[in-house]
Amino acid sequence: MKKIGLIGGVGTGKSLVAKLIQEHFNAYIIKADEVGHQLIKKGYKSYDLIVDDFGTDILDENKEIHRGKLSEIVMNDSEKLKRLNAYTHPYIYDYIKEEIDSVDDKGEYAYLILEVPLMIESGFDVLVDEILYVHTDVDIRINRLKGTRNYSEEKIQRIMDKQLTDDKYKKVADHIIYNNTTVEDTLKQIKKILGGGQYENN
Ligand SMILES: CC(C)(COP(=O)(O)OP(=O)(O)OC[C@H]1O[C@@H](n2cnc3c(N)ncnc32)[C@H](O)[C@@H]1O)[C@@H](O)C(=O)NCCC(=O)NCCS
Ligand SMILES: Nc1ncnc2c1ncn2[C@@H]1O[C@H](COP(=O)(O)OP(=O)(O)OP(=O)(O)O)[C@@H](O)[C@H]1O
């Protein structure tokens, strides 16, 4: 099983690329964002660490962490973001490592796709064999995110400021996918990279 890490800044199209790979290839997908959302729920260690530090104002009526409120706090304060990362990343890493090992043991998949926005910054790259960077120009990302996720331009800019520059992403990438235009064009590039048709579903 080849393990491929998907990287790229907010809104570049990592989820789209993961979905296309899943539809067209024999691939198992892990999304670090979703693992992170699960592991900050009530009952997990990260929840306790976060609430101890940031207080109960970040909780909703069910005493779960309100991610929008927490995001407002940490995306405006690099020190606080660093602390949030320290409360979450080690647990996300361990969870993902275990999941990869278990998928590998079953031997059912040709590819493992790991989507982590902070792959390099957080050292998750040791879990994969190759890195695929999804690039989309900033103005296109802003328009897409404003349209589909209701993010404000300021929020998008603040998140981008906390992430690597395009040049740094490019430097660590084994492959680059340009997702500026159509989904069909992006799929064509994916097929070229994973290629051969050997593991294609159709
Ligand atoms: C800040 C939180 C609460 C915001 O949750 P929310 O549901 O609003 O956003 P979501 O998780 O979908 O993230 C949206 C995008 O923000 C960016 N982002 C998320 N966390 C971080 C971070 N720690 N540093 C930089 N960018 C980040 C990513 O591009 C991500 O795709 C949440 O992202 C979080 O708990 N982050 C810390 C854990 C983490 O780093 N997860 C990313 C995978 S390792
Ligand atoms: N080629 C494309 N054409 C049109 N819309 C696109 C294209 N690629 C992505 N989008 C849209 O842009 C938005 C961002 O894409 P996506 O969610 O895949 O990005 P992401 O890199 O996974 O973001 P995040 O870092 O926040 O997880 C989505 O609403 C998606 O539908």
Side-chain angles (χ1 to χ4, degrees), residues 5-22 29-41 44-47 49-51 53-54 58-60 64-97 113-125 127 132-152 155-166 168-169 177-190:
L6 272 188
I7 63 169
V10 62
T12 47
K14 297 180 294 300
S15 296
L16 171 78
V17 169
K19 184 172 134 272
L20 291 172
I21 294 177
Q22 193 165 38
I29 313 287
I30 301 178
K31 291 169 177 256
D33 276 342
E34 288 177 5
V35 173
H37 294 170
Q38 178 62 31
L39 297 185
I40 62 170
K41 288 202 169 140
Y44 289 96
K45 184 75 186 158
S46 297
Y47 175 95
L49 293 167
I50 293 167
V51 178
D53 187 337
F54 296 106
I58 58 158
L59 299 181
D60 66 16
E64 292 290 357
I65 289 171
H66 188 292
R67 296 203 306 268
K69 283 187 192 165
L70 182 55
S71 178
E72 274 306 305
I73 295 170
V74 297
M75 291 304 171
N76 283 302
D77 185 329
S78 299
E79 272 312 306
K80 288 183 177 162
L81 180 62
K82 235 189 225 169
R83 291 192 332 245
L84 174 65
N85 288 343
Y87 303 147
T88 52
H89 289 180
Y91 300 99
I92 297 174
Y93 180 94
D94 288 349
Y95 183 98
I96 289 176
K97 170 134 193 17
I113 308 296
L114 176 58
E115 181 188 336
V116 187
L118 312 169
M119 177 87 64
I120 307 302
E121 304 93 306
S122 312
F124 282 55
D125 51 328
L127 296 172
L132 201 163
Y133 164 50
V134 184
H135 174 92
T136 301
D137 294 347
V138 168
D139 52 335
I140 298 176
R141 288 157 67 185
I142 290 175
N143 275 333
R144 286 178 182 164
L145 288 172
K146 279 204 305 202
T148 56
R149 253 186 240 174
N150 217 6
Y151 281 11
S152 70
K155 177 170 174 147
I156 299 166
Q157 202 56 58
R158 274 202 302 271
I159 296 176
M160 285 179 181
D161 289 346
K162 304 280 181 303
Q163 301 183 332
L164 295 184
T165 60
D166 288 354
K168 286 201 175 129
Y169 281 125
I177 287 187
Y178 293 91
N179 183 39
N180 281 327
T181 63
T182 62
V183 174
E184 290 70 30
D185 183 58
T186 296
L187 176 60
K188 248 188 226 159
Q189 296 175 62
I190 293 172

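These numbers come from a predicted model, not from an experiment. Every heavy atom of this structure was used, including side-chain atoms; hydrogens, water molecules and symmetry mates were not. Counting starts at 1 for both ligands and their atoms, in listed order.
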Within ligand 1, which atoms have a heavy atom of L118 less than 4.0 Å away?
21 (C), 22 (C), 23 (N), 24 (N), 25 (C), 26 (N), 40 (O)

Between the side chains of D185 and Y178, is a donor N or O closer than 3.5 angstrom to an acceptor N or O?
no

Counting each atom of ligand 1 from 1 as listed, which ones have a heavy atom of S71 under 4.0 Å away?
4 (C)

For atom 17 (O) of ligand 2, state which one of R149, K14, K146 supplies the nearest heavy atom.
R149

Among the heavy atoms of G9, does any lie under 4.0 Å from an atom of ligand 2?
yes

A quick test of your reading: do over 12 heavy atoms of other residues, nucleotides or ligands sit less than 6.0 Å from OH of Y95?
no

Full working for side chain to side chain contact (heavy atoms under 4.5 Å, CB included) between I21 and V17:
CA-CA 6 Å; I21 294 177; V17 169; 3.9 Å; yes

Have a look at ligand 1 and work out which part of V10, if any, has a heavy atom under 4.0 Å from it: side chain, backbone, both or neither.
both

Can a protein heavy atom be found under 4.0 Å away from atom 2 (C) of ligand 1?
no

Return the residue, atom name and 0.1 Å-rounded distance of the protein heavy atom closest to atom 18 (N) of ligand 1.
M75 CE, 3.9 Å

Decide whether the shortest distance between a heavy atom of K19 and an atom of ligand 2 is less than 4.0 Å.
no

Quick one: which ligand 1 atoms are inside 4.0 Å of a heavy atom on H37?
7 (O), 10 (P), 11 (O), 12 (O)

Is it the case that ligand 1 has an N or O less than 3.5 angstrom from some N or O of Y151?
no

Under 4.0 Å between a Lys/Arg side-chain N and an Asp/Glu carboxylate O for E72 and K69?
no

Protein heavy-atom partner closest to atom 40 (O) of ligand 1 - residue, atom, separation in Å:
H89 NE2, 2.7 Å

So is I159 close enough to ligand 2, meaning a heavy atom under 4.0 angstrom away?
no

Please compare L81, I92, T88, L84 and report which has the shortest non-hydrogen distance to atom 36 (N) of ligand 1.
L84

Which segment of E121 sits under 4.0 Å of ligand 1 when only heavy atoms are counted:
neither

Contact check, G8 vs ligand 2, heavy-atom distance below 4.0 Å:
no

Taking atom 30 (C) of ligand 2 as the reference point, report whether a protein heavy atom occurs under 4.0 Å from it.
no

Checking contacts now, so for atom 3 (N) of ligand 2, which I'm interested in, is there any protein heavy atom under 4.0 Å?
yes

Using heavy atoms and a threshold below 4.0 Å, how should the contact between I65 and ligand 1 be classified: side chain, backbone, both, or neither?
neither

